[in-house]
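Remarks on the structure that follows.
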There are 2 protein chains.
Amino acid sequence: MDRHAQERLQQMLEKLKRRRFRITPQRLAVLEILVESDFHPSVETIFAQVRKRFPTTSLATVYKTVGLLKEMHEVLELGFHDAGNRYDARKPFPHPHVICTSCGRIRDPELSGLQELAEEMGRKTGFTIVTHRLDFYGVCPECREKTDARGD
Amino acid sequence: MDRHAQERLQQMLEKLKRRRFRITPQRLAVLEILVESDFHPSVETIFAQVRKRFPTTSLATVYKTVGLLKEMHEVLELGFHDAGNRYDARKPFPHPHVICTSCGRIRDPELSGLQELAEEMGRKTGFTIVTHRLDFYGVCPECREKTDARGD
DNA sequence: GTTAATGCAAACGTTTTGCACGGAA
DNA sequence: TTCCGTGCAAAACGTTTGCATTAAC
């Protein structure tokens, strides 16, 4: 586990304890998998990983823990209407994503100036902007190579 | 119906005819409601409107027509994992949206430079960027006023 | 007359819920 | 000992599908 993952894990554990939520083995496993993943796992992915350590774990438990973290703003939910949602506990605040439509991989690109854009939107529309979401969709280098090789 | 709505309607009708799809009364009604709406209607909203003219219309028919238009790139689908999808047939290409989390209203703000941003993302990540989506979430002026009046 | 669209109901995939049991504090 | 979390199954939700009937062309 890298340094950032450890920090995030501690932050989340402390927040849970402060609010008198219990640290169960299943819950801890979900947290650990979340902070270790830099590929924005889905609930199904988390579920499969947790099952390796605790084979009786149910999907509902994973959903409940992830939902709790979302409520506490300790995880960023990337909702998709046509697929399972994905979660980012390493950077639990709005930031842009690049999504491969072929393999489903999600990356965090470097990009600044979005906050300023949000403020500009607020001025122009009169809305009080609270959050935002920016996703780019395309094909990652790996998938493009495979596609090229097949001659599609 | 404003000029843009009429243009869009004609474009869609011609495209349908060219591909030998049939122009049924229900289908025409869906198209008309889509091009007249600048509030990004949901399927349920379209359905309710179509029902006023053709009371036997089914939800499935609306879904099928909207799906057909989506395939033909004549409508932009804004998918939401926690609510019904919304549709934009007036500007059927990626553009930013401002969404009121209180009343669900969706507006099209002026904003340029996103295409350039997409190209920058492509360069930085190696992805072939095909499309994107940018949503700002906040509270619209009308809802803020109501909230202020109630003292929430 | 052909063939595609409609309308109904059943199926779908993901997420949420209700509830009895088990375990963290 | 308390009562929150778990795990199961059922429900919920928007959406899609299969199929017989209807209607556009």
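Naming: A, B, ... by sequence-line order, numbering from 1 per chain.
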* **B/Ser58 side-chain proximity, nearest of C/dG7, D/dT15, D/dG7** =>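 Side chain of B/Ser58 sits closest to C/dG7.
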
* Asked: Among A/Leu69, A/Val35, A/Asp88, which one satisfies side-chain contact (heavy atoms from CB on, under 4.5 Å) with A/Val75?
  ->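 So the option named by the test is A/Leu69.
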
Separation of atom [atom1] in [X] from atom [atom2] in [N], rounded to whole Å:
X	N	atom1	atom2	result
A/His81	D/dT16	NE2	C1'	12 Å
A/Arg19	D/dG5	CZ	P	13 Å
A/Leu68	C/dT15	CG	C1'	16 Å
B/Glu71	D/dT16	CD	P	11 Å
A/Tyr63	C/dG13	OH	P	13 Å
B/Leu16	C/dA4	CG	P	15 Å
A/Leu31	D/dG5	CG	P	13 Å
A/Phe47	C/dT15	CZ	C1'	14 Å

Within the structure shown, what part of the strands sits under 4.0 Å from [X] by heavy-atom distance: base, sugar-phosphate, or nothing?
X	answer
A/Asp82	nothing
B/Pro25	sugar-phosphate
B/Gln26	sugar-phosphate
A/Arg27	sugar-phosphate

* To do: For A/Lys64 and for A/Leu59, find the nucleotide of DNA chain C with the closest heavy atom, then tell me which residue's nucleotide is more 5'.
  =>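 Here A/Leu59 is the residue nearer the 5' end.
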
Between [X] and [N], does any side-chain N or O lie under 4.0 Å from OP1 or OP2?
X	N	value
B/Thr61	C/dA5	no
B/Thr65	C/dA5	no
B/Asn85	D/dG14	no
A/Thr56	D/dG7	yes

* Ring-face cation contact, A/Tyr137 with A/Arg107, 6.0 Å cut, 45° max ->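 No, cation not above the ring by the 6.0 Å, 45° rule.
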
* Asked: What pair of heavy atoms forms the shortest contact from A/Glu110 to B/Met121, and how long is it?
  ->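 Between these two residues, the closest heavy atoms are O-CE, 3.4 Å.
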
* B/Lys17 vs A/Phe54, nearer the 5' end of DNA chain D by closest nucleotide ->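 The residue mapped nearer the 5' terminus is A/Phe54.
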
* Asked: Taking for each residue the nucleotide of DNA chain D bearing the nearest heavy atom, is the 5' side occupied by B/Ile23 or by B/Glu77?
  ->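 Counting from the 5' end, the first nearest nucleotide belongs to B/Glu77.
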
* Asked: Going through the checks in order, is the salt bridge (Lys or Arg N to Asp or Glu O under 4.0 Å) test met by A/Glu119 and A/Arg123?
  -> CA-CA 6 Å; A/Glu119 284 160 22; A/Arg123 281 196 305 276; 5.1 Å; no

* Name the one of B/Arg86, B/Arg133, B/Lys70 that satisfies salt bridge (Lys or Arg N to Asp or Glu O under 4.0 Å) with B/Glu77? ->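 One option only clears the test, and that one is B/Lys70.
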
* Atom CD of B/Glu116 with >12 non-hydrogen neighbours under 6.0 angstrom ->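 Yes - once you tally the heavy atoms of other residues, nucleotides and ligands closer than 6.0 Å, there are more than 12.
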
* Asked: Is there a donor N/O on one and an acceptor N/O on the other, under 3.5 Å, for the side chain of A/Arg22 and the base of D/dC4?
  ->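 Indeed, a donor on one side and an acceptor on the other fall under 3.5 Å apart.
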
